[in-house]
Colleague: 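Got a structure here, written out as structure tokens. Questions coming.
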Amino acid sequence: MRGTDVSNKKFTSDMKRENICKDISDAVQSLLKLARDSSFNQISDNCSFIISEIKYSDKNFVEQSKIRKTDNDNKTPRTLAVIIKDLDKLYPNLYDTQTKTPQ
């Protein structure tokens, strides 16, 4: 199981559908805490989110980055609750949700 330790909390790459809301909310709170601990600036809890697809192409990194920025700039940021609903709909395409049978 892989993971990253942020503020003494371990986030793993094994995200379960039933825990997705709590896991992402916890991750956002940990990232906000990390940002606040590293900055003198006031950082609001008022966060908005977009969903971006990682597209693989033969273009170099700079070209891919420009395309992704243009795509993301055209998206409307939404609340975490709305994004969670969208992720729930996308979940079967994000993870292999089929039970594998032993051979």
Side-chain angles (χ1 to χ4, degrees):
M1 191 182 312
R2 297 181 325 216
T4 303
D5 190 11
V6 177
S7 299
N8 299 323
K9 175 143 181 123
K10 189 161 190 164
F11 297 100
T12 66
S13 59
D14 300 329
M15 191 170 288
K16 303 281 189 247
R17 189 177 202 156
E18 58 273 8
N19 299 332
I20 197 167
C21 183
K22 183 178 180 332
D23 289 348
I24 292 176
S25 294
D26 289 349
V28 168
Q29 291 307 311
S30 290
L31 288 171
L32 285 170
K33 181 183 180 327
L34 183 65
R36 288 180 180 122
D37 291 347
S38 303
S39 175
F40 293 110
N41 297 325
Q42 291 278 69
I43 298 176
S44 171
D45 283 333
N46 186 18
C47 299
S48 55
F49 303 86
I50 60 170
I51 296 176
S52 295
E53 180 181 359
I54 297 172
K55 298 177 182 173
Y56 297 99
S57 76
D58 294 332
K59 296 180 180 169
N60 69 39
F61 175 77
V62 174
E63 290 175 32
Q64 288 180 34
S65 185
K66 287 178 185 177
I67 293 167
R68 187 170 36 255
K69 173 141 178 40
T70 301
D71 289 347
N72 288 344
D73 286 347
N74 291 323
K75 294 178 182 177
T76 303
R78 297 178 289 176
T79 65
L80 183 57
V82 173
I83 291 295
I84 296 291
K85 289 177 185 174
D86 292 345
L87 285 174
D88 189 55
K89 293 175 194 169
L90 292 172
Y91 189 87
N93 295 327
L94 298 174
Y95 294 98
D96 182 11
T97 57
Q98 301 295 319
T99 306
K100 294 182 180 176
T101 55
Q103 296 183 7

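Below, all heavy atoms of this structure are taken into account, side chains as well, without hydrogens, waters or symmetry copies.
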Colleague: How long is the straight-line distance from CG of Asn72 back to CD1 of Ile51, given to the nearest 0.5 Å?
Modeller: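 Between atom CD1 of Ile51 and atom CG of Asn72 there are 11.0 Å.
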Colleague: Do NZ/NE/NH1/NH2 and the carboxylate oxygens of Lys75 and Asp71 come within less than 4.0 Å?
Modeller: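 Salt bridge absent between Lys75 and Asp71.
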Colleague: Could you measure the distance from the OG atom of Ser25 to the CG atom of Asn19? Nearest 0.5 Å is fine.
Modeller: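 Ser25 OG to Asn19 CG: 11.5 Å, rounded to 0.5 Å.
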Colleague: Grouping I, L, V, M, F, W and Y whenever their side-chain heavy atoms are under 4.5 Å apart, do Val82 and Val28 come out in a common cluster?
Modeller: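 No, no single cluster joins them.
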Colleague: Give me the atom names and distance for the closest heavy-atom approach of Asp86 to Arg78.
Modeller: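 Between these two residues, the closest heavy atoms are OD2-NH2, 2.7 Å.
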Colleague: Just verifying a value: how many Å separate Gln29 CD and Leu34 CG, rounded to the nearest 0.5 Å?
Modeller: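 Rounded to the nearest 0.5 Å, the CD-CG separation comes out at 12.5 Å.
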Colleague: Could you list the residues that satisfy side-chain hydrogen bond (donor to acceptor under 3.5 Å, both in side chains) with Asp88, not counting sequence neighbours?
Modeller: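 Only Arg17 meet the side-chain hydrogen bond (donor to acceptor under 3.5 Å, both in side chains) criterion with Asp88.
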Colleague: How close do Ile84 and Ile20 get, heavy atom to heavy atom, and via which atoms?
Modeller: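 Smallest heavy-atom distance, with atoms named: CD1-O, 4.2 Å.
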Colleague: Determine the minimum heavy-atom distance between Pro77 and Ile50, stating which atoms define it.
Modeller: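 In terms of heavy atoms, the two residues are closest at CA-CG2, 3.8 Å.
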Colleague: Rounded to the nearest 0.5 Å, what separation is found between the CZ atom of Phe49 and the CG atom of Leu87?
Modeller: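 Atom-to-atom, Phe49:CZ and Leu87:CG are 10.5 Å apart.
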Colleague: Looking only at non-hydrogen atoms, find the nearest pair between Ser44 and Leu32 and report the distance.
Modeller: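 Shortest heavy-atom contact: O-CD2, 3.8 Å.
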Colleague: Tell me which pairs pass salt bridge (charged side-chain N to carboxylate O under 4.0 Å, His left out) where either residue lies in residues 58-67, with sequence neighbours left out.
Modeller: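 Qualifying pairs, neighbours excluded: none.
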Colleague: Calculate, to the nearest 0.5 Å, the distance between atoms CG and CD belonging to Asp23 and Glu18 respectively.
Modeller: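 With rounding to 0.5 Å, CG (Asp23) is 9.5 Å from CD (Glu18).
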Colleague: Does Ser65 reach the main-chain N or O of Phe61 with its side chain, forming a donor-acceptor pair under 3.5 Å?
Modeller: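 Side chain of Ser65 to backbone of Phe61, a donor-acceptor pair under 3.5 Å: no, none is there.
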Colleague: Looking at Asn60 and Val62, what are the two nearest heavy atoms and their distance?
Modeller: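 Nearest heavy atoms, Asn60 then Val62: OD1-N, 3.0 Å.
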